Amino acid sequence: RDVDANETILSGDIGTQGDKNDNSYHIVYAENVDNTAVLDGFTVTGGNANEGTSPHYMGGGMYNNNSSPVLTNVTFSGNSANSGGGMLNKNNSSPTLTNVAFNNNNAYYYGGGMFNINNSSPTLANVTFNDNNAAYSGGGMYNTNSSPTLTNVTFSGNNAAYSGGGMYNTNSSPTLTNVTFSGNSAQFTGGGMHNETNSSPTLANVTFSGNSADDYGGGMYNINSSPTLTNVTFSGNSANLGGGMHNRSGSSPTLTNVLLVNSSGNNCYEFDPLNASSRHNLIDDNTCRLDDGVNGNKIGPGYNANLGP
C-alpha cells in the first residue's frame, strides 16, 4: 500500500466535528504489549487527553504503558494532552519508530510531540518533530528518567513556553546521531535542548541552527549536566546569555570537533568551564573559556569563520 497516496486516518474527532472537547482521550492505547504489536501506515489525529484522572491526561495520539510496539510510516498530527500530546511512553515502554512524523501536536504541560517517563527509552530512526508545542517544557520531546536513541531525526519549529523548545532532558541521557535542531524556541532556557539533573546526552554529527531562547542557552542549556559532543555544529543560535550554549551548576560538557559560531548573545555563557580535554574545536569568540592553540582548539574572533551547517 502506498501510504502517501492512500492515507488511512485514525481520528479521535468522534463527537461534534471540529470540537476537540468531546474527542477521544487516546487514539491508540497499548498496555503490556511487546514488539509483536505493529502499527504501520496510519495518520493518528484528534486525540485529546485532557481529563484530570489517570490515564486520560497523557498520550493524546498514543498511550504506551509497559509496552514496546513497532511503528512504521505513521504520522501523529493535531493531537493534544496535558503531557505527551503526540505520544506517551511510561513504565519501561520502549517502542521502535521508523519513518514517523510528529506534526503540530500540543501539550498543556510537558512533551508536545513525545513524553518519555520511568525508564522508557524508545528507538527512533528517520523521525521528524515539526511545529509541536508545550505550554511548559519539551516542545518536541520531554525525557525524564529515560534515555531514547535517535538516528536521523529532525526537530524543527518546536516551541516550549518555558524550557527545551526541541528537547528537554531531566535525569536522562539520550544518544543522538545525525540529528538536526533547527528553528526551535523557548521563552526561558534551551531553545534547542535543555539538560538538567545529571543529564549527559551523547551527540554525534548533530546540528543546532537558528534556535532561540529569550534568556539562556539558545542552542543548548546545561545545568548539573555534562553532555559529550562530537562533530557538532552550533550556528546562528540566539539568547540573552549564551546564544550557542549556557553551562552552570557543575556542568562540564566535552567538545570534540565542534563548530560554535555566529551566535547572538555570545557563543557561550559559562558559570562553569568546558571540560579541559575538549579539542579540535573552532569557536569565533572568547566566551567559552578554552585557550586558543591548546588541544588543537581555534578560539577567538580572529578566526571568524562565517561558517554554518
Side-chain angles (χ1 to χ4, degrees), residues 50 57-58 60 78-86 102-117 128-144 154-172 174 176 179-197 199 201 206-225 227 234-249 251 253 260 262-272 287:
N50 64 344
Y57 60 88
M58 305 173 87
N79 302 286
S80 56
N82 286 350
S83 292
F102 293 84
N103 303 327
N104 295 293
N105 301 287
N106 180 68
Y108 307 115
Y109 293 97
Y110 309 118
M114 179 184 291
F115 184 57
N116 302 309
I117 184 172
T128 58
F129 292 82
N130 296 324
D131 300 320
N132 301 285
N133 181 75
Y136 281 82
S137 298
M141 177 185 291
Y142 187 106
N143 301 309
T144 178
T154 297
F155 293 84
S156 178
N158 303 286
N159 175 261
Y162 283 79
S163 300
M167 178 184 290
Y168 186 104
N169 300 308
T170 177
N171 198 33
S172 300
L176 289 75
V179 174
T180 297
F181 292 85
S182 177
N184 303 287
S185 60
Q187 290 189 16
F188 292 100
T189 59
M193 178 184 290
H194 175 114
N195 301 309
E196 69 169 50
T197 316
S199 293
V206 175
T207 298
F208 293 83
S209 65
N211 303 286
S212 63
D214 289 356
D215 288 343
Y216 310 126
M220 178 183 290
Y221 178 90
N222 300 308
I223 179 168
N224 192 30
S225 297
F234 292 84
S235 179
N237 302 287
S238 62
N240 183 41
L241 295 173
M245 181 183 296
H246 184 110
N247 302 310
R248 65 186 304 158
S249 301
S251 298
L260 229 171
N262 299 331
S263 301
S264 176
N266 297 326
N267 286 315
C268 296
Y269 188 83
E270 304 283 343
F271 284 96
D272 301 294
T287 61

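Since this is a predicted model, take the numbers as computed values, not measurements. The residues of the chain are indexed from 1 along the displayed sequence.
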Please table the atom pairs, donor to acceptor, closer than 3.5 Å between any side-chain atom in residues 106-115 and protein atoms at least two apart or in another chain.
residue: Asn106; atom: OD1; partner: Asn133; partner atom: ND2; Å: 3.0
residue: Tyr108; atom: OH; partner: Lys20; partner atom: NZ; Å: 3.2
residue: Tyr108; atom: OH; partner: Asn48; partner atom: OD1; Å: 3.4

Which heavy atom in [X] sits nearest to a heavy atom in [Y], and how many Å separate them?
{"X": "Ala81", "Y": "Gly84", "result": "CB-O, 3.7 Å"}
{"X": "Pro174", "Y": "Asn169", "result": "CG-OD1, 3.6 Å"}
{"X": "Gly242", "Y": "Ala239", "result": "O-CB, 3.7 Å"}
{"X": "Gly217", "Y": "Ala213", "result": "O-CB, 3.8 Å"}
{"X": "Ala160", "Y": "Gly139", "result": "CB-N, 3.9 Å"}

Using the test side chain to side chain donor-acceptor pair (under 3.5 Å), find all partners of [X] that sit at least two apart in sequence or belong to another chain.
{"X": "Asn50", "result": "none"}
{"X": "Asn222", "result": "Asn195, Asn247"}
{"X": "Thr287", "result": "Asp285"}

Would you mind writing out the side-chain donor-acceptor pairs for residues 182-191 within the sub-3.5 Å range, not counting sequence neighbours?
residue: Asn184; atom: OD1; partner: Gly157; partner atom: N; Å: 3.4
residue: Asn184; atom: OD1; partner: Asn158; partner atom: N; Å: 2.9
residue: Asn184; atom: OD1; partner: Asn158; partner atom: ND2; Å: 3.0
residue: Asn184; atom: ND2; partner: Phe155; partner atom: O; Å: 3.0
residue: Asn184; atom: ND2; partner: Asn211; partner atom: OD1; Å: 3.0
residue: Ser185; atom: OG; partner: Asn159; partner atom: ND2; Å: 2.7
residue: Thr189; atom: OG1; partner: Ser163; partner atom: OG; Å: 2.6
residue: Thr189; atom: OG1; partner: His194; partner atom: ND1; Å: 2.9

Open item on the list: Once rounded to the nearest 0.5 Å, what's the spacing between atom CZ of Phe102 and atom OG1 of Thr128?
Closed with: 8.5 Å
- [ ] Enter the distance from Ile223:CD1 to Ser249:OG here, rounded to the nearest 0.5 Å.
- [x] 4.0 Å
TODO: Give a yes or no on whether the backbone of Asn132 and the side-chain of Asn105 come within a donor-acceptor separation of less than 3.5 Å.
DONE: no
TODO: Could you tell me whether a side-chain N or O of Ser199 sits under 3.5 Å from a main-chain N or O of Ser172, the two making a donor and an acceptor?
DONE: yes
- [ ] Would you please name every residue forming a side chain to side chain contact (heavy atoms under 4.5 Å, CB included) with Ser263, sequence neighbours left out?
- [x] Leu260, Asn267
Open item on the list: Test of understanding: with side chain to side chain contact (heavy atoms under 4.5 Å, CB included), list the residues that count as partners of Asp131, not counting sequence neighbours.
Closed with: Asn104
Task: Sole residue of Met245, Met141, Met220 in side-chain contact (heavy atoms from CB on, under 4.5 Å) with Met193 - done: Met220
Open item on the list: Whether the Tyr221 and Glu196 side chains hold a donor-acceptor pair (N or O, under 3.5 Å, no angle test) is what I'd like checked.
Closed with: no
- [ ] State, yes or no, whether a side-chain contact exists between Thr170 and Tyr142 at a heavy-atom distance under 4.5 Å.
- [x] yes
